[in-house]
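This report concerns only the one structure given below.
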Amino acid sequence: MKYLFKKEYLKFGFNMSQYVFRIGEIESMSGISARQLRYWESKGIIEPLERPDEQSGRVYPFKMFMKIMMIKTFLDQGNTLKNAVMHVDETQRFMRATHNILASAVHGLVYEDDTVFIDLGDFDAEGRQRLLAYQENSGEDEKVSYRLVDKADLEE
DNA sequence: TTTCTGACA
DNA sequence: TGTCAGCA
């Protein structure tokens, strides 16, 4: 078994904060008008990255795009803006916790033949065995299986 | 071209 | 919220 990615590479790959969008891009991606986005900002609901001056264009990080999409989802379900924001704030708390757990639980990706395994870290205190999670038939069957592997069998 | 603010509907 | 003006 060989590592596809180790944790440090995964972190880099999942770091979306490096991607930023201008208001026109957010508008076309989300369907929320620039006028609406500026209005939401005036209400303290969203905030662009810090701007050098008032006249320069707004720039939003990926996280803000996510928040905007979540607000839109609740809005489309018939919620008022106020309620939509309330739901999003609540949801984001759970998402943060979920992300933190996954970030610390996933140690890397391992592959053997055509199967990808998620390395969940040391299984025993001595660190002799590693717990891997995988799908028997990826796609059709969503059932996750586990396998214990001797650390010696894992190639860096 | 795009975005900004402010104003009016 | 949409739209328009007048700028940068």
Side-chain angles (χ1 to χ4, degrees), chain A residues 1-121 130-145 154-156:
Chain A
M1 305 189 102
K2 200 169 163 57
Y3 274 103
L4 204 53
F5 288 118
K6 297 209 75 175
K7 192 170 195 164
E8 48 269 34
Y9 299 112
L10 284 173
K11 264 187 177 172
F12 177 77
F14 289 145
N15 177 20
M16 301 298 281
S17 59
Q18 56 189 309
Y19 304 108
V20 296
F21 308 100
R22 299 196 306 176
I23 199 165
E25 297 174 310
I26 297 282
E27 181 173 30
S28 58
M29 289 189 296
S30 67
I32 301 295
S33 70
R35 171 71 175 83
Q36 241 174 319
L37 294 168
R38 294 189 196 101
Y39 174 70
W40 290 4
E41 179 183 330
S42 75
K43 292 290 169 187
I45 295 168
I46 59 171
E47 201 178 349
L49 261 23
E50 199 168 325
R51 294 191 284 166
D53 61 87
E54 286 292 297
Q55 302 308 314
S56 67
R58 292 169 172 79
V59 166
Y60 301 92
F62 188 82
K63 270 185 183 176
M64 199 53 68
F65 170 61
M66 293 290 285
K67 181 170 186 179
I68 290 162
M69 291 308 290
M70 288 169 69
I71 294 172
K72 179 186 163 60
T73 301
F74 288 118
L75 239 33
D76 288 346
Q77 289 172 3
N79 290 280
T80 61
L81 181 56
K82 190 183 173 186
N83 278 329
V85 171
M86 216 177 63
H87 286 313
V88 169
D89 287 343
E90 197 172 351
T91 305
Q92 284 198 319
R93 283 212 309 278
F94 294 120
M95 284 180 69
R96 246 191 297 283
T98 304
H99 176 267
N100 288 341
I101 291 169
L102 288 177
S104 59
V106 177
H107 289 249
L109 295 184
V110 179
Y111 71 95
E112 185 177 62
D113 301 326
D114 285 339
T115 308
V116 175
F117 301 82
I118 296 177
D119 176 8
L120 295 174
R130 214 103 169 134
L131 179 63
L132 307 181
Y134 66 102
Q135 278 188 305
E136 208 84 58
N137 307 302
S138 55
E140 306 157 26
D141 187 5
E142 294 193 357
K143 189 169 170 291
V144 175
S145 303
L154 287 173
E155 296 177 37
E156 291 295 314

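The figures here come from the full heavy-atom set of this structure, side chains too, leaving out hydrogens, waters and symmetry mates. Residue numbers start from 1 in every chain, and the chains themselves are labelled A, B, ... in the order their sequence lines are given, proteins ahead of strands. Worth saying up front: this structure is predicted, and the values here are computed from it rather than measured.
Proximity of residues 56-64 of chain A to DNA chain B (heavy atom under 4.0 angstrom from any strand atom) is restricted to A:Ser56, A:Gly57, A:Arg58.
Look at CD on A:Glu27: it is 11 Å from C1' on B:dT2, rounded to the nearest Å. Atom C1' of nucleotide B:dT5 and atom OH of A:Tyr39 are separated by 17 Å, given to the nearest angstrom. In this structure, A:Ile32 atom CD1 and B:dT3 atom P are separated by 16 Å, rounded to whole Å. Atom CZ of A:Arg51 is separated from atom P of B:dT3 by 12 Å (rounded to the nearest Å). In this structure, A:Leu49 atom CG and B:dT3 atom P are separated by 16 Å, rounded to whole Å.
A:Arg22 has no side-chain polar atom (N or O) that falls below the 4.0 Å cut-off from OP1 or OP2 of B:dC4.
For the residue pair A:Lys67 and A:Val88, the shortest heavy atom distance occurs at CG-CG1, 4.0 Å. Taking all atoms of both residues into account, the shortest heavy-atom contact from A:Ser30 to A:Met69 is CB-SD, 3.5 Å. Across all their heavy atoms, A:Phe74 and A:Asn79 have their closest contact at O-ND2, 2.7 Å.
Atom CG in A:Leu154 sits 9.5 Å away from atom CD in A:Glu112 (nearest 0.5 Å).
Judged as a side-chain hydrogen bond (donor to acceptor under 3.5 Å, both in side chains), and not counting sequence neighbours, A:Asp89 has no contacts. A:Tyr3 is linked by a side-chain hydrogen bond (donor to acceptor under 3.5 Å, both in side chains) to A:Asp119, counting only residues two or more places apart in sequence or in another chain.
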Quick test: give all pairs of protein nitrogen or oxygen and nucleotides 7-9 of chain B nitrogen or oxygen below 3.5 Å, distance rounded to 0.1 Å.
none

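For the pair A:Leu120/A:His107, no side-chain contact is recorded, criterion being any heavy-atom separation below 4.5 Å from C-beta on. Contact annotation: the side chain of A:Tyr111 never approaches that of A:Met1 to less than 4.5 Å [non-hydrogen atoms, C-beta and beyond].
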Return a table of donor-acceptor pairs under 3.5 angstrom between the side chains of residues 39-50 of chain A and protein atoms on other chains or two or more places apart.
unit_1: A:Glu41; atom_1: OE1; unit_2: A:Arg58; atom_2: NE; d: 2.6
unit_1: A:Ser42; atom_1: OG; unit_2: A:Tyr39; atom_2: O; d: 2.6

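Ring-centre distance between A:Phe65 and A:Tyr60: not below the 6.0 Å cut-off.
Screening A:Met86, A:Arg93, A:Gln92 for a side chain to side chain contact (heavy atoms under 4.5 Å, CB included) involving A:Glu90 leaves a single residue, A:Arg93.
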Using Watson-Crick or G-U wobble pairs with both distances under 3.5 Å, give me DNA chain B in dot-bracket, 5' to 3', with [ ] for crossers and | for pairs to another strand. .|.||||||
